[in-house]
Amino acid sequence: MTHFHLRRTLTAGLFAALVALAPARAETLDKVTFGTNWVAEAEHGGFFQAVADGTYKKYGLDVTIVPGGPNENNRMLLIAGKIDFFMAANTLMSFDAVANNVPVVTIAAIFQKDPQVMLTQPDAKVGKLEDLKPLTLFISKEGMGSYFQWLKSEYGFSEKNVRPYNFNPQPFIANPKSAMQGYVTSEPFAVEKAAGFKPNVLLLADYGFNTYSTLIETRRDIVEKKPDLVQRFVDASMVGWYNYLYRDNSAGNAMIKQLNPEMTDDLLAYSVAKMKEHGIVDSGDSLKNGIGAMSDERYSSFFNKMVKAGVVKADLDFRKSYTLRFVNKGVGLELRPNKP
């Protein structure tokens, strides 16, 4: 055999070997689709970080994130089997799923504290939640059906001062004797930009509104048939969140800005700072059990509050709404700085 033939045979053999290897390597990554509940933003940062920095790939996953938005319904895509995981807003959504026999289950809670706040103007004499009662309250329809019912049952609020909140801060800015709902990670920033003053902020979670927020949901059949896949997605997502909060999050932020060009560096930095300052992601049970932590006690406590507020029925089997199987394992704890 000539050198030419030998080289050509070796090259052909090597090529065949590489072709054989390539699909095998690709097949080791399980394709997963995760739908968020809003456009890309810092409040979803850990998931984007895990895609952008290769964390999901390290866990054998090829993850596609499908952003939500005002005209999207990613939860319906989850139920219909079009996507594998979904970001639910809060625990009430999970209770509602049980009430309506929707076959989804919560597998992790990214936010230990719901970011829901009430904002007041600097001159308003507001030091605690009860001080909001005489003010005009701008509250959304969703807010009226959830946390405001708790404000009524726990703190004696009345609906007489409530006005519709249409996600426009101008009515609040124009009325010094008013309060407006918002998220601690975004609305205070928007008000300061628009009005030039720093609003007072009351975080409802600090007053006992103890729903989990930014939950990971999946279908029950995926939990039963692919528990290893679910565990890897949860674990990698938690690592992504530690990296987003405490390490270099530029890769995650770049992906967020690519998907949502309206997102600015200032707002991203503000949102991350507020998540850390208020322990939105990393506080309470997560300090010991890791980000994503959940507990039976916390679920029971919130359920009882919602029954008292008339939001859910007392005979609801709320424990069907979640499983602790995939959390509380301390995954990623070593990535947290000593002082969270």
Apply salt bridge (charged side-chain N to carboxylate O under 4.0 Å, His left out) to the pair R219 and D221, showing each step before the final yes or no. CA-CA 5 Å; R219 292 187 306 281; D221 64 293; 3.2 Å; yes
Where do E43 and T214 come nearest, in terms of heavy atoms and distance? O-CG2, 4.3 Å
Please identify which of these residues, L215, V327, V223, L324, meets the side chain to side chain contact (heavy atoms under 4.5 Å, CB included) condition with I107. V223
Is there a side chain to side chain donor-acceptor pair (under 3.5 Å) between Y147 and Q181 once you walk through the steps? CA-CA 10 Å; Y147 70 82; Q181 75 170 50; 2.7 Å; yes
Dump the intermediate steps for side chain to side chain donor-acceptor pair (under 3.5 Å) on N200 and T120, then the final yes or no. CA-CA 5 Å; N200 300 317; T120 62; 3.2 Å; yes
At their closest point, which heavy atom of F167 faces which heavy atom of S140, and how far apart are they? CZ-CB, 4.1 Å
Y242/Y244 aromatic ring centres below 6.0 Å: no
Residue pair D53 / T55, side-chain donor-acceptor N/O under 3.5 Å: yes
The side chain to side chain contact (heavy atoms under 4.5 Å, CB included) partner of V230 among D235, D84, I222 is I222
Using only heavy-atom distances, determine whether the side chains of N210 and S301 contain a donor-acceptor pair under 3.5 Å. yes
Please step through side chain to side chain contact (heavy atoms under 4.5 Å, CB included) for the pair K274 and I280, ending with a clear verdict. CA-CA 8 Å; K274 292 302 172 183; I280 299 297; over 6 Å; no
pair V98-F318: side-chain heavy atoms closer than 4.5 Å: no
Decide whether R319 and S300 meet the rule of one side-chain donor and one side-chain acceptor closer than 3.5 Å. yes
Over all heavy atoms of both residues, which pair between D248 and S250 is shortest? Give the atoms and the distance, please. OD1-OG, 2.8 Å
Between A195 and I173, which heavy-atom pair has the shortest distance, and what is it? CB-CG2, 3.7 Å
Side-chain heavy-atom pair R163, P171 within 4.5 angstrom cut-off: no
Can a side-chain donor-acceptor contact be found between N249 and N253 if the only test is distance below 3.5 angstrom? yes
Are side-chain heavy atoms of S213 and P115 found at a separation under 4.5 Å? yes
May I ask you to test the I65-V51 pair for a side-chain heavy-atom distance under 4.5 Å? yes
Is a side-chain donor or acceptor of N100 paired with a backbone partner of D96 at a separation under 3.5 angstrom? yes
K257 and D265: salt bridge (charged side-chain N to carboxylate O under 4.0 Å, His left out), yes or no, with the steps? CA-CA 9 Å; K257 287 190 291 182; D265 289 331; 2.6 Å; yes
According to a 4.5 Å side-chain heavy-atom criterion applied to Ile, Leu, Val, Met, Phe, Trp and Tyr, with indirect links allowed, do L92 and Y207 form part of one hydrophobic cluster? yes
If we count only N and O atoms by modelled type, under 3.5 Å, do the side chains of Y299 and S94 hold a donor and an acceptor together? no
When the ring centroid of F172 is compared with that of F138, is the distance short of 6.0 Å? no
Exercise: identify the closest heavy-atom pair between A52 and G252: CB-N, 4.0 Å
Under 6.0 Å from the NZ atom of K320, do we count more than 12 heavy atoms belonging to anything else shown? no
Would you please test Y56 and S237 for side chain to side chain donor-acceptor pair (under 3.5 Å) and show each step? CA-CA 7 Å; Y56 283 130; S237 298; 2.8 Å; yes
Within a reach of under 6.0 Å around CD of Q258, are more than 12 heavy atoms found that belong to other residues, nucleotides or ligands? no
Near E277 CD, under 6.0 Å, is it more than 12 heavy atoms from other residues, nucleotides or ligands? yes
Only one of F47, F85, F48 forms a ring pair (Phe, Tyr, Trp, His ring centres under 6.0 Å) with F34, so which one is it? F47
If you count every heavy atom of other residues, nucleotides or ligands that lies below 6.0 Å from K329 atom NZ, does the total exceed 12? yes
Going by distance alone, is a donor N or O of one side chain under 3.5 Å from an acceptor N or O of the other, for T185 and S271? no
Find out whether L203 and Q116 are in side-chain contact, i.e. whether some heavy atom of one side chain is under 4.5 Å from a heavy atom of the other. no
I'd like to know whether the aromatic ring centres of F95 and F303 sit less than 6.0 Å apart in this structure. yes
Evaluate the side-chain proximity of T106 to T323: yes if any heavy-atom separation is below 4.5 Å, no if none is. no
Exam field: side chain N74 to backbone T36, donor-acceptor pair closer than 3.5 Å: yes
Compare every heavy atom of S283 with every heavy atom of S286, then report the nearest pair and how far apart it is. OG-N, 2.9 Å
Would a distance-only check, ignoring hydrogens and angles, find a side-chain to backbone donor-acceptor pair under 3.5 Å from R247 to G240? no
Intermediate values then yes/no, salt bridge (charged side-chain N to carboxylate O under 4.0 Å, His left out), R336 and D282: CA-CA 9 Å; R336 185 201 293 123; D282 201 10; 2.7 Å; yes
Could you tell me whether the side chain of Q121 reaches within less than 4.5 Å of the side chain of K177, counting heavy atoms only? no
Are Y183 and W241 linked, directly or through other ILVMFWY residues, by side chains that come within less than 4.5 angstrom of each other? no
So, for F302 and F209, is the gap between ring centers shorter than 6.0 Å? yes
